[in-house]
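Report on the following structure.
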Amino acid sequence: MDNYEIVDFSSLNETAQNLIKEAVRARKNAYCPYSNFAVGAAILTESESKVYTGCNIENATLTPSICAERAAVPKAVSDGHLKFKMVAITAHQESSFTAPCGVCRQTLSEFCSSDGDIEIYLSKPTMDKVLCTKLSKLLPLSFVSYKEDNVVE
């Protein structure tokens with residue numbers, strides 16, 4: 001249980017609750033005629049504490065499908081926000097929570113907050129229980145070749 005904890009929605013602070021509510025709202029716009037698996041995401045930026053949302057968008061050829069998190073990221077980045085404090089993701093699975101896929105985890109790792117991490121909240125649309133973790137727990141060995149100390153000269 002070091003990697004996450006499951007808590008009651010009501011025990012979260014107002015910021016986290018509002019972020020989850022935004023993810024639930026975004027999920028309603030999901031375009032998922034092939035999988036029927038709707039996902040919503042909401043990102044809270046470090047600067048200005050702005051919220052950007054996204055939903056999954058499928059395509060008949062599957063490969064160009066876009067995850068909810070990767071729908072929200074470019075919206076925030078195109079507005080100049082490069083550091084994210086929190087991400088909420090919501091989808092419906094009976095017995096578990098939906099976590100970001102590997103590509104989304106790596107994408108989010110580009111935009112960690114000043115403390116080097118991002119708080120992650122995973123919820124069902126009912127918002128009763130929430131799995132709380134951090135990106136560093138979901139992606140402990142992220143690809144970091146862009147960092148100066150990893151460049152070979």
Side-chain angles (χ1 to χ4, degrees), residues 1-46 49-79 81-113 117-146:
M1 293 296 242
D2 291 341
N3 291 335
Y4 66 90
E5 68 175 324
I6 297 173
V7 302
D8 289 326
F9 177 83
S10 61
S11 72
L12 297 172
N13 66 42
E14 184 179 357
T15 301
Q17 287 183 1
N18 287 336
L19 196 66
I20 292 166
K21 289 175 184 176
E22 289 295 326
V24 169
R25 275 194 277 282
R27 180 178 178 268
K28 293 176 183 173
N29 293 326
Y31 177 75
C32 52
Y34 307 102
S35 71
N36 292 312
F37 189 73
V39 182
I43 293 171
L44 178 67
T45 65
E46 184 174 270
S49 293
K50 285 192 168 190
V51 174
Y52 292 88
T53 61
C55 60
N56 57 319
I57 305 165
E58 294 179 348
N59 185 281
T61 60
L62 299 182
T63 301
S65 293
I66 300 169
C67 298
E69 303 89 325
R70 287 184 293 121
V73 166
K75 292 164 85 175
V77 172
S78 65
D79 277 354
H81 300 283
L82 302 178
K83 293 189 181 296
F84 305 157
K85 288 173 54 171
M86 297 178 179
V87 175
I89 301 155
T90 186
H92 178 74
Q93 286 185 299
E94 284 297 322
S95 60
S96 64
F97 294 90
T98 302
C101 74
V103 173
C104 287
R105 293 174 196 203
Q106 185 63 49
T107 299
L108 289 169
S109 75
E110 291 279 327
F111 305 102
C112 287
S113 64
D117 216 342
I118 300 174
E119 294 176 39
I120 305 286
Y121 297 93
L122 308 178
S123 172
K124 294 174 178 30
T126 55
M127 297 182 291
D128 50 353
K129 298 286 185 187
V130 179
L131 187 148
C132 306
T133 189
K134 292 189 176 262
L135 184 61
S136 62
K137 301 296 185 185
L138 296 177
L139 187 66
L141 297 172
S142 64
F143 182 73
V144 292
S145 72
Y146 63 90

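Count residues from 1 along the sequence.
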### Message
Pairing donors with acceptors under 3.5 angstrom, does anything connect the side chains of T98 and Q93?
### Response
yes
[atom1]-[atom2] distance between [X] and [Y], expressed to the nearest 0.5 angstrom:
X: K85; Y: E46; atom1: NZ; atom2: CD; value: 7.0 Å
X: F9; Y: D128; atom1: CZ; atom2: CG; value: 10.0 Å
X: M86; Y: I43; atom1: CE; atom2: CD1; value: 13.0 Å
X: S123; Y: L12; atom1: OG; atom2: CG; value: 9.0 Å
X: T133; Y: E5; atom1: OG1; atom2: CD; value: 9.5 Å
X: Y121; Y: L19; atom1: OH; atom2: CG; value: 8.5 Å

Do the side chain of [X] and the main chain of [Y] share a donor and acceptor less than 3.5 angstrom apart?
X: N56; Y: F37; answer: yes
X: D117; Y: S136; answer: yes
X: R105; Y: L139; answer: no
X: S65; Y: N59; answer: yes
X: D8; Y: S10; answer: no
X: S78; Y: P74; answer: yes
X: E69; Y: L108; answer: no
X: E58; Y: Y34; answer: yes
X: K124; Y: T90; answer: no
X: R27; Y: V39; answer: no

### Test log, rule side chain to side chain contact (heavy atoms under 4.5 Å, CB included), inputs L44 and V87
CA-CA 6 Å; L44 178 67; V87 175; over 6 Å; no
Using every non-hydrogen atom in the two residues, find where [X] and [Y] come nearest and quote the distance to one decimal.
X: A26; Y: A41; answer: CB-O, 4.0 Å
X: A88; Y: A23; answer: O-CB, 3.7 Å
X: A71; Y: G54; answer: CB-CA, 3.9 Å
X: N13; Y: A16; answer: OD1-N, 2.8 Å

### Message
For K83, give me all partners under salt bridge (Lys or Arg N to Asp or Glu O under 4.0 Å), at least two apart in sequence or on another chain.
### Response
none
#### Entry: Partners meeting salt bridge (Lys or Arg N to Asp or Glu O under 4.0 Å) with K75 (sequence neighbours left out)
none
### Message
Tell me if the CD atom of E14 is crowded by more than 12 foreign heavy atoms within 6.0 Å.
### Response
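No.
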### Query
Below 6.0 angstrom between ring centroids: does that apply to H81 and Y52?
yes
### Task
Report the C-alpha distance between I66 and C55 in whole Å, list the side-chain angles of each, state the deciding distance to 0.1 Å, and finish with yes or no for side chain to side chain contact (heavy atoms under 4.5 Å, CB included).
CA-CA 8 Å; I66 300 169; C55 60; over 6 Å; no
Any non-hydrogen side-chain atom of [X] less than 4.5 Å from a side-chain atom of [Y]?
X: V73; Y: C104; answer: no
X: Y4; Y: L138; answer: no
X: L135; Y: C112; answer: yes
X: D79; Y: V77; answer: no

### Query
Would S109 and T107 satisfy side chain to side chain contact (heavy atoms under 4.5 Å, CB included), going step by step from the backbone distance to the final call?
CA-CA 5 Å; S109 75; T107 299; over 6 Å; no
### Task
For side chain to side chain contact (heavy atoms under 4.5 Å, CB included), just list the numbers for T45 and F111, CA-CA rounded to whole Å, side-chain angles, deciding distance to a tenth of an Å, and then say yes or no.
CA-CA 9 Å; T45 65; F111 305 102; over 6 Å; no
